[in-house]
A.B. asks: 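One structure is given below, represented as structure tokens, and several questions about it will come after.
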Amino acid sequence: MSVSIALFTADLRLRDNPVLRAALAGADEVVPLFVLDEAVAAAGFAVPNRRAFLADCLAALDEGLRERGGRLVLRAGDVARETARAARECGAREAHVAADVSGYAQRREERLRAALAEAGCALRVHDAVTCVLAPGAEVPSGGRDHFAVFTPYYRRWRAAEWRTPLGAPRAVRVPEGAGSLELPRGDRVEGVSPGLAAGGERAGRERWAAWRRAGALRAYGGSGDGNSGAGGSRRGGGQGDLGADATSRLSPHLHFGTLSPVELAHEALGRSGKSGKPGKSVTSGESGKVGEVSEVGEAGRGGGGAGPGAEAFVRQLAWRDFHRQVLAARPDAAHADYRPHGDRWRRERGEAAREIAAWREGRTGYPVIDAAMRQLQYEGWMHNRARLLAASFLTKTLYADWRTGAAHFLALLVDGDVANNQLNWQWAAGTGTDTRPNRVLNPLTQARTYDPNGDYVRRWVPELSGIGGAAVHRPWQLDEAARAELEYPEPIVDLDEARSRFRAARSAEE
DNA sequence: CACTCCTTGCT
DNA sequence: GCAAGGAGT
């Protein structure tokens, strides 16, 4: 009886899981293992919102495995040591795990390899979390180790061959002796945001299905920012309007791997998943086989091709991969400036400390910023455009260190992901891959563009819910009497002064 | 083939 | 203003 270990990390799904598939293919019995990582907890990364979501994911995984005759094996402690222990107990000769990019994940992989080797068990690493592409397909020319700008990366990414999605296994046999801890319960975690989404593969698939059923994919990237003509969603993240919020909200599922990015990309573009890029498949001799083309899914029907919405959605998936390939090449970008500008950010004390606290609490007096920060508190999630506004406000308007803001986001975001979060913050702070480091997003013009009717602000800032239309973005322009009624702060900073301060600081340092 | 120059397009 | 890629040297 041969035994393999499938070590789940950020791939908590049964469908399209190359780690699980490889483990099953190489053995009669598989230990589907998850280790509650003491190092992640010690680093303060296991915050309530993600712990609760993770608990849902593990419960769903266990349920799915039980439907197939197996179960999840849960351990806690040091990942390398616990995996090696499980390998010894079950006599496993092979363990499979997903490749990941953060400095921590890279070290974890090495420690795993070493600990497993002592147990006589080989480690096999699979591309399951990160890349929509075959590994190595998106390497820049000229001897560079990564792409530093998104657009050239995206061109390469889009043209490369895609991994073929796998189905869920039909049966999973787990060795009887493999002991497991009791699964944690999401509803027992303290300090969770009241509006937190549910985790798990089924919840993820339901959200994806419901979002597409609502026609959101076709409308994606089209609303709110007045873009027109081809490629109009360029300046938005592909989802303009904050109030309508046509975003998919799939980011937590992508972070925990309850949904496969490869599968989402294929389905969004209306591909069967049987073929990669048309005409580029290595396996099929004849290009453009009719049988494959006829298997197009519903997203591709009735409109000749996938459409701009699907392209904008897939582009967002590419951003994840882009950030991951930056972090893989520059792991220190999680804490160090990618492109340093010699910033001397205001220290978090005195006036600056009060302003940063106001930002965290959503009491800056700038309604769109406060709405964003309160959505984060309440849902453990924030609209992507709002993230950029909130980050720009902290780093440029308050001139506070991006690490302060990134830490606050990681403390609350259910999709809190080192690669995406830190590099998006660096982008906003002008220390990242942005080629325009001095850009300052003006919260008022941004509000007019992305929340033209003020719906987003009224939803999240109840003090202002009585103010109609776009006037909600400028409560200080109300007459004295109306303003006295509001329990809402005056703006904590003057935008023009803040802009001058930032410009002066940047030019002094260069 | 390494290097510079030039065009293109921006989360 | 600058990354990327391609053409030219």
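Order of the sequence lines fixes the chain letters, A, B, ..., with proteins taken first and strands second; residue numbering starts at 1 for each chain. All figures in this text were calculated on a predicted structure; none of them were measured in a lab.
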A.B. asks: Run the ring pair (Phe, Tyr, Trp, His ring centres under 6.0 Å) test against H323(A) and tell me which residues pass, sequence neighbours left out.
C.D. replies: W319(A)
A.B. asks: How would you list all residue pairs meeting side-chain hydrogen bond (donor to acceptor under 3.5 Å, both in side chains) that involve residues 363-378 of chain A, not counting sequence neighbours?
C.D. replies: T364(A)-D370(A), D370(A)-Y488(A), R374(A)-E463(A), Q375(A)-E379(A), Q375(A)-Y456(A)
A.B. asks: Residues in ring pair (Phe, Tyr, Trp, His ring centres under 6.0 Å) with W425(A), at least two apart?
C.D. replies: W359(A), F409(A)
A.B. asks: Shorter than 3.5 Å, N or O on both sides, protein versus nucleotides 1-5 of chain C: list them out with atom names.
C.D. replies:
{"unit_1": "dG1(C)", "atom_1": "N2", "unit_2": "T435(A)", "atom_2": "OG1", "d": "2.8"}
{"unit_1": "dA3(C)", "atom_1": "OP1", "unit_2": "R339(A)", "atom_2": "NH1", "d": "3.4"}
{"unit_1": "dA4(C)", "atom_1": "OP1", "unit_2": "A148(A)", "atom_2": "N", "d": "2.5"}
{"unit_1": "dA4(C)", "atom_1": "OP1", "unit_2": "V149(A)", "atom_2": "N", "d": "3.1"}
{"unit_1": "dG5(C)", "atom_1": "OP2", "unit_2": "S141(A)", "atom_2": "OG", "d": "3.0"}
{"unit_1": "dG5(C)", "atom_1": "OP2", "unit_2": "R144(A)", "atom_2": "NH2", "d": "3.3"}

A.B. asks: Check ring pair (Phe, Tyr, Trp, His ring centres under 6.0 Å) between Y104(A) and all other residues, then give those that pass, not counting sequence neighbours.
C.D. replies: none
A.B. asks: Is there any salt bridge (charged side-chain N to carboxylate O under 4.0 Å, His left out) pair reaching into residues 404-415 of chain A, and which pairs are they, with sequence neighbours excluded?
C.D. replies: R387(A)-D415(A)
